[in-house]
2 protein chains.
Amino acid sequence: MNQSPWQPIRPEKPARPVREPLSRERIVDAAMSLLVEQGYEAVSMRKVAQALNTGPASLYAHVANKKELDQLLVDRAAQDLEFPEADPEHWQEQLKDGMRSMLKVMRSYPGVARAAIGQVPLGERALESTEHFLAILKAGKVPDQAAAWAVDLIPLYVTATAFEESVQRAWEWTEDDITRFVGELREFFQGLPAEKFPFTVALAAALTAGGSGDERFEFGIQVIVAGLASMAEK
Amino acid sequence: MNQSPWQPIRPEKPARPVREPLSRERIVDAAMSLLVEQGYEAVSMRKVAQALNTGPASLYAHVANKKELDQLLVDRAAQDLEFPEADPEHWQEQLKDGMRSMLKVMRSYPGVARAAIGQVPLGERALESTEHFLAILKAGKVPDQAAAWAVDLIPLYVTATAFEESVQRAWEWTEDDITRFVGELREFFQGLPAEKFPFTVALAAALTAGGSGDERFEFGIQVIVAGLASMAEK
DNA sequence: ACCTGAACACCGTTCAAGT
DNA sequence: ACCTGAACACCGTTCAAGT
């Protein structure tokens, strides 16, 4: 206002792009948003770059490649894991709670299961999760080697469950579609030739029960925990 | 030779491409070869078409899309499954044998596990496999609902194991690389702060044992079978 | 040191046009 | 009915060139 208009103005580079510089942090943030909003398939180097208003090549100064970005996403998701204090009296129930919590986190980041499968969990939070599962297993007197392999089996089962769900979710079926599909499936099983498929026909109803996934998952963790309990000492 | 050279010759279209016509069968054959020789990533519509000396668009007259081709590949692999006659006396060992056979087939078709995950197994051979597992489980007096969910859990575990292996194989590590990595991993675990990670440090050796995968898989099927046995009636 | 545009070698799928 | 070429809208990664 009070600046005389004919005074020469040095326009302090107004066109300069004051964009925040790129960083691993910002890249993971952007990738995580894409993952949550649009699933794993949407997390491409190009789309992440676009979300950050830059080109795909720019990401490679901060992230080695797509695989490393996947690992960073798994680490980020692992931060949401929660574990109660280990309680030796109820180690079996605690093991189940840990697995339920793990599935919950993976469900809240659809697609992270695909990135997690086959990864050795070495992030800080992943290590804490391993430590916690070991503590629970040892409280239950599970032998060392069995406990060690169990902390491999447990994430494998939970991740596989979450991955399977995410694959099926990618087909974009509605609740109705699923109900109809399950019904048709039951009829298909029932209609099979009984001489050749006696058990499949007889158990058609049981085979198609628990479509939502929760009951099947509960069954799975019950089998695993009971199996581990059978190996416990004393 | 004995044909007079100035006689008008109708050259019966020698340039006509006598190529065998496309068919589902031939497409699956070509895709399976690619899968076996170069892994799942190599099975693209374009590469399959190229192997058949045609363009990608030609495949769509016989196969709806890539997903359907994946299903056909799983069906094809399932034909290699073998099951012994069900023997009630040794149902637990038979269950394990069935799982071992399943893993063996999946290992011989690297990449088929990725195509199989999340699929409801409805091919003829897949149905026979379900029927056979049900027969073994019922011979072991596992309740109906548990048996039904078990035939979901079993393929999930085997497929996840095979998929995990195929992901790791895709990194193209040599035997030496793996040995070195496992050694470094053990040292890494041992070097963690013992106040924060007491069990991880103490069990470092056990955590890194059985890198080949066979021992880990044997442990997994032992846990699952023991868990199912704990649910058996009587 | 960090960022960029352009290029390379790929994808799955569609469609109008041919036979 | 079956097949084709060409196109569309994508991939991950590399590299020389800029600042």
Side-chain angles (χ1 to χ4, degrees), chain A residues 12-32 34-35 37-74 111 114-115 118-119 167 170-172, chain B residues 12-32 34-35 37-74 111 114-115 118-119 167 170-172:
Chain A
E12 54 212 40
K13 296 189 197 166
R16 170 173 154 241
V18 207
R19 305 214 309 255
E20 216 170 323
L22 281 179
S23 65
R24 278 182 155 239
E25 182 87 5
R26 291 191 63 221
I27 290 171
V28 176
D29 284 346
M32 205 66 190
L34 279 169
L35 183 78
E37 283 154 29
Q38 302 177 49
Y40 179 75
E41 301 72 34
V43 185
S44 66
M45 298 299 270
R46 301 177 104 96
K47 290 225 188 85
V48 172
Q50 201 179 27
L52 293 164
N53 281 312
T54 183
S58 304
L59 306 182
Y60 287 84
H62 304 271
V63 161
N65 48 36
K66 179 78 199 311
K67 201 177 106 190
E68 189 178 274
L69 180 55
D70 280 355
Q71 281 171 337
L72 293 171
L73 287 171
V74 176
R114 171 60 189 88
Q119 273 189 39
V167 168
W171 303 0
E172 288 175 355
Chain B
E12 54 212 37
K13 296 187 195 164
R16 170 172 153 241
V18 206
R19 304 213 311 253
E20 216 169 324
L22 281 179
S23 65
R24 277 181 155 240
E25 182 88 4
R26 290 190 64 221
I27 290 171
V28 176
D29 284 346
M32 205 66 190
L34 278 170
L35 184 78
E37 283 154 30
Q38 303 177 48
Y40 179 75
E41 301 72 34
V43 185
S44 65
M45 299 298 271
R46 302 178 104 98
K47 291 226 188 83
V48 171
Q50 201 178 28
L52 293 164
N53 281 311
T54 184
S58 304
L59 306 182
Y60 287 84
H62 305 271
V63 162
N65 49 34
K66 179 75 198 314
K67 200 176 106 191
E68 188 178 275
L69 180 55
D70 280 356
Q71 281 172 336
L72 293 172
L73 287 171
V74 176
R114 171 60 190 88
Q119 273 188 41
V167 168
W171 303 359
E172 288 175 354

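Proteins come first, then strands; the chains are lettered A, B, ... in the order of their sequence lines, and each starts at number 1. This one's a predicted model, so the numbers in the text were calculated from it and none came from an experiment.
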Does the side chain of E41(A) reach to within under 4.5 Å of the side chain of K47(A), using non-hydrogen atoms? no

Rounded to the Å, how far apart are L59(B) CG and dT4(D) C1'? 12 Å

Length of the line joining N53(B):CG and dT4(D):P, which is rounded to integer Å: 9 Å

Under 3.5 Å, which N/O atoms of the protein pair with N/O atoms of nucleotides 8-11 of chain C?
{"unit_1": "dC11(C)", "atom_1": "OP1", "unit_2": "S44(B)", "atom_2": "OG", "d": "3.1"}
{"unit_1": "dC11(C)", "atom_1": "OP1", "unit_2": "K47(B)", "atom_2": "NZ", "d": "2.7"}
{"unit_1": "dC11(C)", "atom_1": "N4", "unit_2": "R46(B)", "atom_2": "NH1", "d": "3.4"}
{"unit_1": "dC11(C)", "atom_1": "N4", "unit_2": "R46(B)", "atom_2": "NH2", "d": "3.4"}

Toss me the dot-bracket line for DNA chain D: Watson-Crick and G-U wobble, both under 3.5 Å, 5' to 3', using | for pairs to another strand and [ ] for crossers. ||.|||||...|||||.||

Is it true that atom CD of E68(A) has more than 12 heavy atoms of other residues, nucleotides or ligands lying nearer than 6.0 Å? yes

On a whole-Å scale, what distance lies between the P atoms belonging to dA9(C) and dC10(D)? 22 Å

Please determine, for the side chain of S58(A), which listed nucleotide (dC3(D), dG12(C), dC3(C)) has the closest atom? dC3(C)

Please step through side chain to side chain contact (heavy atoms under 4.5 Å, CB included) for the pair L69(B) and L59(B), ending with a clear verdict. CA-CA 10 Å; L69(B) 180 55; L59(B) 306 182; 5.7 Å; no

Looking across every strand, which nucleic acid part, if any, lies under 4.0 Å from A57(B) by heavy atom: base, sugar-phosphate, or nothing? base

Proximal nucleotide (of dT13(C), dC3(D), dT13(D)) relative to the P21(B) side chain: dC3(D)

Scanning both residues in full, the closest heavy-atom pair of V48(A) with A30(A) reads CG1-CB, 4.2 Å

Does any non-hydrogen side-chain atom of V43(B) lie less than 4.5 Å from one of M32(B)? no

Mind checking the CG-OG spacing from L52(B) to S58(B)? Nearest 0.5 Å is all I need. 9.5 Å

Calculate the interatomic distance between Q50(B) atom CD and dG5(D) atom C1'; express it in whole Å. 15 Å

Just how far, in rounded Å, is C1' of dG12(D) from CD1 of I27(A)? 15 Å

Can you see if the side chain of H62(B) gets near the phosphate of dA1(D) - specifically, an N or O under 4.0 Å from OP1 or OP2? no

Can you tell me how far the CG atom of L73(B) sits from the NZ atom of K66(B), to the nearest 0.5 Å? 8.0 Å

Please state how far atom NZ in K66(B) lies from atom C1' in dT14(C), giving the value in whole angstrom units. 18 Å

How many whole angstroms separate atom CG of L22(A) from atom C1' of dT4(C)? 11 Å

Among V28(A), I27(A), D70(A), find the one that has a side chain to side chain contact (heavy atoms under 4.5 Å, CB included) with V63(A). I27(A)

Hey, is the main chain of P21(A) close enough, under 3.5 Å, to the side chain of R26(A) for a donor-acceptor pair? yes

